[in-house]
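Note sheet for the following structure.
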Amino acid sequence: MDLQRVLEKCGNFGPYQILLLGLYGYTNIVSSLHYFSQTLISFTPSHSCSPPVEDTSHNLTVLLACNIIQYDADLTSHRDYKCSSWDFDRESNYESITTELEWVCDDSYKLAVGQSFFFIGSALGSIFFGYLADRIGRLPACVLTTLTGASGDFFTSFVSSLPWFSFTRFVSGLSMDTQYVLMYILVFEYLSPQHRTFGLNIILAVFYCIGLMISPWMAIWLGNWRSYLWAASLPALGMLIYPLCLHESVEWLLTKGKFDKAVNNLRSIAKFNGRQVEDSVFDEFIKHYREKLNSSQKTSTDTFMGMLRTPRLRKFTIILLIKSMIITIAFDILSRNMEGVGISPFKLFSYSGFVVLPAGLTIILFQNKIGRKGMACASLFVGALITATTGYLVGTLDPANYSVLLGFMVCLARFGAVVAYDAEAQYAAEIIPTSVRGQGVANIHVVGNAFAFFSSYIIYLGTFYKPLPSLLISFLLIIGGCLCLTLPETLHKQLPQTLDEGEGFAKGEKWYFFPCFSRRLQSNKSDFQLESANEITK
């Protein structure tokens with residue numbers, strides 16, 4: 001009587017699961033407000049130097065974005081000097097951190113430096129809160145990580161210097177996505193297998209999309225970045241009711257030997273779902289897991305570092321690490337780089353946030369048809385083409401006349417980034433052997449988040465040449481797509497359980513093997529053989 005059989009009797013898709021999915025949706029809204037707060041507080045509008053004090057010795061003054069040119073009375077000579085104050089063309093009078101602290105021109109690096117600490121925090125936070133979740137439980141760790149991130153956002157609203165800004169962004173980054181991951185685990189465990197893929201992806205797509213679309217309008221309505229951070233951190237307090245509504249992970253309780261607590265949780269779920277479950281079921285359940293815990297089964301000696309000892313697994317691991325770096329950086333940059341296309345960055349951020357929903361549906365509809373490898377490669381190559389085209393158009397077209405086209409291309413590029421990010425997560429989990437899957441996925445995820453440290457600096461390159469971030473990202477995506485071709489297909493295959501199985505997984509498979517093409521070739525071959533047989537019969 002294992003956990004899945006007991007859950008079927010207690011109800012694995014009833015009122016409790018509906019409540020769980022609803023709170024998971026709320027978690028996604030909180031997560032989206034938290035992650036993209038760094039974008040909405042840092043928009044830099046068009047600006048020019050403030051007019052200098054009246055100087056009668058010059059009859060012509062030219063105000064540029066970062067310097068002032070003053071010509072002498074005869075226009076034969078001029079003086080060029082940097083300005084000390086600026087006039088900003090604020091969108092809806094919104095005061096961002098860049099306009100308030102005047103982090104532009106020579107000080108524009110400060111924003112990139114401060115924001116990069118967010119991703120340092122995210123890498124360390126994934127490790128720390130992952131460890132904490134194993135020690136004190138998934139539910140309390142989920143609440144603590146959410147409150148930590150909200151605290152970082154809240155304290156950021158009081159800073160006025162680069163050192164404090166960097167520190168508070170580091171604290172905020174500690175919970176970049178651990179709040180989402182831990183809640184995902186709780187939902188995954190209590191939801192029936194046949195409802196997991198559709199339910200989890202739809203809830204993620206719809207509610208994350210809602211958070212993205214409302215946040216820019218909330219920022220404009222509040223008027224300045226400090227008030228927005230207060231408002232964005234406030235919904236995290238709603239997580240405090242989760243321990244009152246939800247139950248701790250039963251699987252975690254079982255691994256800790258807390259059988260009575262696990263049974264009490266299952267009884268409560270059964271009652272909530274209106275099910276009657278006999279005591280004998282729970283007695284068998286406890287007996288099964290007590291024997292399993294006390295048995296002298298051979299423990300696996302496989303470790304994540306073991307994936308680097310054999311040639312094929314070492315190649316797969318290194319490629320997955322590089323892909324995670326590329327996709328995480330691309331996802332962050334294409335989600336944040338919304339300026340200079342002739343449309344309000346707030347409106348464009350909101351409109352482009354809608355692509356999360358069709359991106360989730362795209363994964364659901366096509367991943368099982370064209371395969372994991374096909375989905376991953378297609379999203380990377382197509383994303384590279386769209387991103388490069390967007391960068392080229394931004395560099396050659398006038399945003400004032402082609403704002404709709406440029407805005408559409410930005411949305412399309414963001415769509416590709418979301419599809420690539422979602423496809424990469426599942427693909428990596430299937431390639432890594434079961435014995436080290438938890439460690440492997442976590443380490444790959446942490447490395448990707450750590451390298452997102454560079455995304456702020458890549459965006460900063462746009463101050464020198466606007467299309468440069470897009471062109472650089474498209475080049476990285478092409479590299480990622482080429483590397484992806486060397487990985488094995490996992491669709492409809494028995495996934496590797498151990499490192500030995502992982503080393504031999506899909507051995508002999510060609511780099512150009514794709515299930516969708518393979519089925520077509522087999523169908524054509526069968527038709528040819530049938531026609532040949534008919535000819536022979538005749």
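Position 1 is the first residue of the sequence, and the numbers go up from there. These numbers come from the heavy atoms of this one structure, side chains and all, not from hydrogens, waters or symmetry mates.
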message = Checking the side chain of Tyr208 only, and the main-chain atoms of Ile203 only, is there a donor and an acceptor separated by less than 3.5 Å?
response = no
ask   = Distance-only, no hydrogens or angles: does the Thr168 side chain make a donor-acceptor pair with backbone N or O of Phe165 under 3.5 Å?
value = yes
query = For Phe514, is the NZ or CZ atom of Lys373 found under 6.0 angstrom from the centre of its six-membered ring and inside 45 degrees of the ring axis?
reply = yes
task = May I ask you to establish whether Arg414 and Phe331 are in a cation-pi arrangement, using a distance under 6.0 Å from NZ or CZ to the six-membered ring centre and at most 45° from the ring axis?
result = no
message = Can you classify the ring geometry of Phe158 versus Phe154 as parallel (below 30°), tilted (30 to 60°) or perpendicular (above 60°)?
response = perpendicular
query = Which class fits the ring pair His195 and Phe13: parallel under 30°, tilted 30 to 60°, perpendicular over 60°?
reply = parallel
Indicate the atoms forming the closest heavy-atom contact of [X] with [Y], along with that distance.
{"X": "Cys209", "Y": "Gly353", "value": "SG-O, 3.5 Å"}
{"X": "Phe381", "Y": "Gly481", "value": "CZ-C, 3.3 Å"}
{"X": "Gln115", "Y": "Phe119", "value": "O-CD1, 3.9 Å"}
{"X": "Leu111", "Y": "Thr98", "value": "CD2-CG2, 3.9 Å"}

task = Show your reasoning for whether side-chain contact (heavy atoms from CB on, under 4.5 Å) applies to Leu23 and Met239.
result = CA-CA 9 Å; Leu23 294 180; Met239 301 283 287; over 6 Å; no
inquiry  = Is Cys49 disulfide-linked to Cys83, taking SG-SG under 2.5 Å as the test?
reply    = yes
request  = Report yes if the SG atoms of Cys377 and Cys484 are separated by under 2.5 Å, and no otherwise.
outcome  = no
request  = Give a yes or no on whether a salt bridge exists between Arg226 and Glu95, defined as a side-chain N under 4.0 angstrom from a carboxylate O.
outcome  = no
query = So does Glu489 pair up with Arg372, basic N to acidic O under 4.0 Å?
reply = no
Examine the side chains of [X] and [Y] and answer whether a donor and an acceptor come within less than 3.5 Å of each other.
{"X": "Asp332", "Y": "Ser455", "answer": "yes"}
{"X": "Ser157", "Y": "Trp225", "answer": "no"}
{"X": "Asp87", "Y": "His47", "answer": "no"}

How long is the span from the [atom1] atom in [X] to the [atom2] atom in [Y], to the nearest 0.5 Å?
{"X": "Thr148", "Y": "His34", "atom1": "OG1", "atom2": "NE2", "result": "9.5 Å"}
{"X": "Tyr242", "Y": "Cys142", "atom1": "OH", "atom2": "SG", "result": "7.0 Å"}
{"X": "Thr156", "Y": "Phe167", "atom1": "OG1", "atom2": "CZ", "result": "10.0 Å"}
{"X": "Gln179", "Y": "Thr145", "atom1": "CD", "atom2": "OG1", "result": "6.0 Å"}
{"X": "Tyr180", "Y": "Ser32", "atom1": "OH", "atom2": "OG", "result": "12.5 Å"}

task = Apply the test side-chain contact (heavy atoms from CB on, under 4.5 Å) to residues Asp107 and Glu102: give CA-CA distance (whole Å), side-chain angles for both, the deciding distance (0.1 Å), then the verdict.
result = CA-CA 8 Å; Asp107 287 334; Glu102 296 187 336; over 6 Å; no
inquiry  = Test side-chain contact (heavy atoms from CB on, under 4.5 Å) on Phe366 and Met375; report intermediate values, then the result.
reply    = CA-CA 7 Å; Phe366 293 104; Met375 196 75 205; 3.9 Å; yes
inquiry  = Can you confirm whether or not the ring centre of Phe354 sits under 6.0 Å from the ring centre of Tyr351?
reply    = no
query = With ring centroids as reference points, do Trp221 and Phe346 lie under 6.0 angstrom apart?
reply = no
Atom NZ of Lys347: over 12 foreign heavy atoms under 6.0 Å = no
request  = Indicate yes or no: at least one non-hydrogen side-chain atom of Tyr512 is less than 4.5 angstrom from one of Leu485.
outcome  = no
key: Derivation and outcome, side-chain contact (heavy atoms from CB on, under 4.5 Å), residues Leu380 and Ile327   = CA-CA 8 Å; Leu380 289 168; Ile327 292 174; 3.9 Å; yes
